[in-house]
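Structure, as structure tokens:
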Protein chains: 2
Amino acid sequence: MTSRPSIKTVAAAAGVSPATVSNAYNRPEQLSGAVRERILDVADRMGYAGPDPTASSLRSRRTGSIGMLFAQALTYAFDDPYCTTLLAGIADVATEAGSNILLMPVGPHVSSRTYSRDEEMRLVHGVRRAAVDGAIADGVQPDHPMLRVLAERDVPLVRTTDEGGGRSVVVDDAGAGRALGEHLRSLGHRRVAFVADSTGDGRPRVEPADHRPLFPYARRRLEGVREALEPHEVMVVDAGTNTARSGRRAVDAILARDPWVTAVVATSDVLALGVLEALRSRGVRPGVDVSVTGFDDLPQAAQEGLTTVHQPVREKGRTLGRMLLDPSFTAHRVLLPTELVVRTTTGTAPHHS
Amino acid sequence: MTSRPSIKTVAAAAGVSPATVSNAYNRPEQLSGAVRERILDVADRMGYAGPDPTASSLRSRRTGSIGMLFAQALTYAFDDPYCTTLLAGIADVATEAGSNILLMPVGPHVSSRTYSRDEEMRLVHGVRRAAVDGAIADGVQPDHPMLRVLAERDVPLVRTTDEGGGRSVVVDDAGAGRALGEHLRSLGHRRVAFVADSTGDGRPRVEPADHRPLFPYARRRLEGVREALEPHEVMVVDAGTNTARSGRRAVDAILARDPWVTAVVATSDVLALGVLEALRSRGVRPGVDVSVTGFDDLPQAAQEGLTTVHQPVREKGRTLGRMLLDPSFTAHRVLLPTELVVRTTTGTAPHHS
DNA sequence: TCGGGCTTCTTGATCGATTTAGTAGAACGT
DNA sequence: ACGTTCTACTAAATCGATCAAGAAGCCCGA
């Protein structure tokens with residue numbers, strides 16, 4: 001009599017079958033109002049808080065929550081306005097649908113590496129334990145082991161890249177990169193550095209000229225930039241994390257390698273803002289001595305006059321959410337528009353002779 | 001042969017019992033390396049992604065995730081740097097512990113109201129379905145129905161208020177409020193408005209002089225401010241949501257009621273920044289014509305010169321997380337320090353004669 | 001040779017609900 | 001009065017694992 005009541009004990013106390021108690025909570029229309037009231041009264045009196053979620057999920061194969069996977073560690077994700085805005089969009093839809101959102105910490109994965117069984121186990125630990133009806137992956141590499149786990153578990157997945165197939169909400173990253181590149185080219189820039197985030201622990205470093213960034217979106221944007229600037233080579237810098245700090249430090253790496261760089265293209269506003277800061281503290285005038293561009297168009301970007309590419313992040317989140325939660329939303333791939341926003345951090349290239 | 005493999009089919013294929021397969025995933029030390037390898041090989045070959053999370057949770061009574069409840073709607077929470085920073089702190093600990101974080105949308109609850117059965121059902125819907133090992137509630141009123149549900153379900157709970165007992169990580173809100181009040185009083189302010197957030201849908205409105213704000217932290221801070229300014233009455237404004245927009249609109253309400261207010265105390269920096277903006281756009285000089293204070297000490301506050309109370313938000317998140325996830329962390333209540341940070345938005349009260 | 005202590009694996013019960021198929025009885029039309 | 005349909009509820013099977021208790025085999029010392 002002292003243990004937590006189960007649906008069976010409540011049923012017995014109310015003089016009905018367990019199935020009827022279940023219906024009282026989940027299908028009110030299936031039983032008479034009087035019986036339902038009696039059952040809920042009895043449940044209240046016994047301190048029964050409703051059907052056990054895990055038992056319910058096991059039998060019904062539904063959990064009422066959707067999973068969220070970020071390319072970067074959760075610890076950074078919440079500092080990143082892009083991520084929080086995306087989450088806000090997802091939350092808009094989830095709230096309406098009555099779904100919970102499960103955030104899973106993800107380990108970093110570098111495509112070229114192979115893992116021992118135990119390393120891989122650790123990498124997918126959170127995903128394996130996650131009870132979700134579907135999942136959203138932002139920026140995650142298509143070959144990340146956790147996506148395989150989700151696939152094996154038949155968890156519906158939507159992503160923000162169309163690499164590797166599957167449902168997706170994307171922007172035209174390559175096109176946006178090209179727009180940035182063309183903008184810079186038209187201003188006379190020839191020596192351009194591209195700063196990409198990744199899951200590096202470490203300090204920013206200049207990569208070989210043919211480097212392919214870790215994350216799909218960064219890869220695509222770089223492709224576009226390269227295309228627009230051909231035949232000039234683009235210097236590629238792996239900044240490590242997607243933080244202003246990494247942006248600042250990337251400036252060191254760039255200038256150490258080539259002090260005559262006239263423009264820096266960053267894969268995100270967050271990085272770009274760090275770049276701006278570092279340049280200014282060296283007495284370099286953004287938009288005059290060195291041009292800088294970002295990506296996302298965060299509120300802060302407007303404040304700082306950052307030339308960037310606008311993407312509808314919150315709408316992206318909403319669309320991702322709807323793809324999972326709204327059965328009538330059947331699109332396989334949604335393309336959202338981007339727009340080049342030219343502000344004051346880009347200008348004509350200084351003439352070095 | 002076409003359905004998803006279960007632990008039983010994998011066991012059969014590997015020539016062992018289901019319990020052994022379970023151990024291969026959950027207790028590697030309980031079986032020989034050779035058998036474990038064989039089992040995992042077979043599992044891989046059959047496309048088995050490991051034990052089903054819901055089934056596992058049902059039997060083991062563990063889910064591997066902790067729940068997060070915000071006082072405000074999720075939709076706003078992600079726009080609020082306080083919330084995201086708190087989450088970052090929680091994520092720090094959760095990542096380390098390998099726990100997932102479940103975000104639950106919560107409906108608004110006004111203490112004075114009583115609900116019909118169905119209204120209450122809707123209010124606690126997310127919490128009833130949530131499979132979690134523990135939960136963190138930030139700013140939620142102690143009598144919110146969902147806290148009752150969690151209690152009935154024996155879900156361990158930690159909160160950011162000590163009202164109503166239970167485990168908590170708190171700051172001395174009343175003390176901080178008093179510090180703000182004394183600061184203003186020493187500057188000669190007598191007509192002070194207090195702007196509190198709540199879960200209002202609506203427009204800001206001036207409340208009766210003895211109003212008690214909805215959220216515990218706001219209540220405490222107001223108590224402190226009132227105490228310091230006695231016997232002068234404090235005008236209390238319910239700003240609705242915790243957003244800059246509500247802060248801006250609160251200014252209208254304040255000035256409509258009493259144009260001679262010389263100081264505005266907001267329950268958060270977010271609100272205060274909105275207040276600043278609205279004042280400036282009316283040509284009122286913050287810190288000269290009207291003093292303004294915030295709470296939290298967000299990065300933006302420093303930027304804007306906002307006088308505010310610093311609280312260690314990320315550390316608060318970490319501590320909350322540890323309380324749930326670290327069994328050796330047994331403290332029942334942790335008090336974190338705050339500090340009054342005086343900047344330029346407060347100054348001596350203008351003399352109205 | 002025996003029994004105790006390990007390690008490694010198995011057996012059978014159990015976690016707490018939902019589902020499907022079905023029944024009893026009321027209501028209805030003819 | 002009879003068959004049909006509908007409403008409101010029940011019985012039994014089932015979801016897929018984990019747990020507690022126990023057994024088989026092995027090593028070891030006495």
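Letters A, B, ... mirror the listed sequences (proteins, then strands); counts begin at 1. From a predicted model like this one, the values you see are computed outputs, not experimental measurements.
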Distance, rounded to the nearest Å, where [X] contributes [atom1] and [N] contributes [atom2]:
X	N	atom1	atom2	answer
N26(B)	dC9(C)	CG	P	16 Å
R61(B)	dA17(D)	CZ	P	17 Å
E152(A)	dG16(D)	CD	P	16 Å
L31(A)	dT10(D)	CG	C1'	13 Å
D154(A)	dG16(D)	CG	C1'	15 Å
R27(A)	dA17(C)	CZ	P	16 Å
R36(B)	dC9(C)	CZ	P	12 Å
R129(B)	dA17(C)	CZ	C1'	12 Å

Candidate list L324(B), V93(B), V334(B), test side-chain contact (heavy atoms from CB on, under 4.5 Å), partner F329(B), passing option: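 Of the listed residues L324(B), V93(B), V334(B), the side-chain contact (heavy atoms from CB on, under 4.5 Å) partner of F329(B) is V334(B).
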Interface residues of residues 5-15 of chain B with DNA chain D (non-hydrogen, below 4.0 angstrom):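 Residues of residues 5-15 of chain B that come under 4.0 Å of DNA chain D are, in numerical order, S6(B), I7(B).
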Report which part of the nucleic acid [X] touches: base, sugar-phosphate, or nothing (heavy-atom distance under 4.0 Å, all strands).
X	result
L58(A)	base
T20(B)	base
R62(B)	sugar-phosphate
V16(B)	sugar-phosphate
N23(B)	nothing

Option from D92(A), T319(A), T85(A) for which side chain to side chain donor-acceptor pair (under 3.5 Å) with R314(A) holds: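 Answer to the side chain to side chain donor-acceptor pair (under 3.5 Å) test with R314(A) among D92(A), T319(A), T85(A): D92(A).
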Whichever of Y48(A) and Q30(B) has its nearest DNA chain C nucleotide further upstream toward 5':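 Counting from the 5' end, the first nearest nucleotide belongs to Q30(B).
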Between D138(B) and Y82(B), a side-chain donor and acceptor under 3.5 Å: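 Y82(B) and D138(B) do have a side-chain donor-acceptor pair below 3.5 Å.
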Between D326(B) and S328(B), a side-chain donor and acceptor under 3.5 Å: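 Checked: D326(B)/S328(B) side chains pair up, N/O donor to acceptor below 3.5 Å.
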[X] has a side chain; which of [options] sits nearest to it?
X	options	result
A55(A)	dT18(C), dG16(C), dC19(D)	dG16(C)
R59(A)	dC15(D), dC19(D), dT10(C)	dC15(D)
D52(B)	dC9(D), dT19(C), dG16(D)	dG16(D)
S60(B)	dG16(C), dC15(D), dC19(D)	dC19(D)
S17(B)	dA17(C), dC19(D), dT10(C)	dT10(C)
A19(B)	dT19(C), dT18(C), dC19(D)	dC19(D)
V35(B)	dC9(C), dG16(D), dT18(D)	dC9(C)

Neighbour count >12 (heavy atoms, 6.0 Å) for atom CD, E96(B):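 No, because the 6.0 Å sphere around CD of E96(B) holds 12 heavy atoms or fewer from other groups.
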ring-ring contact (aromatic ring centres under 6.0 Å, His included) contacts touching residues 6-62 of chain B (sequence neighbours left out):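 Qualifying pairs: Y25(B)-Y48(B).
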Minimal non-hydrogen separation, Q141(A) against F215(A), with atom names: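 Smallest heavy-atom distance, with atoms named: OE1-CE2, 3.7 Å.
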Presence of T54(B) side-chain N/O under 4.0 Å of dC15(D) phosphate oxygens OP1/OP2: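 T54(B) to dC15(D) OP1/OP2: no side-chain N or O under 4.0 Å.
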Short N-O contact, D44(A) and R117(B), less than 4.0 angstrom: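 A salt bridge links D44(A) with R117(B).
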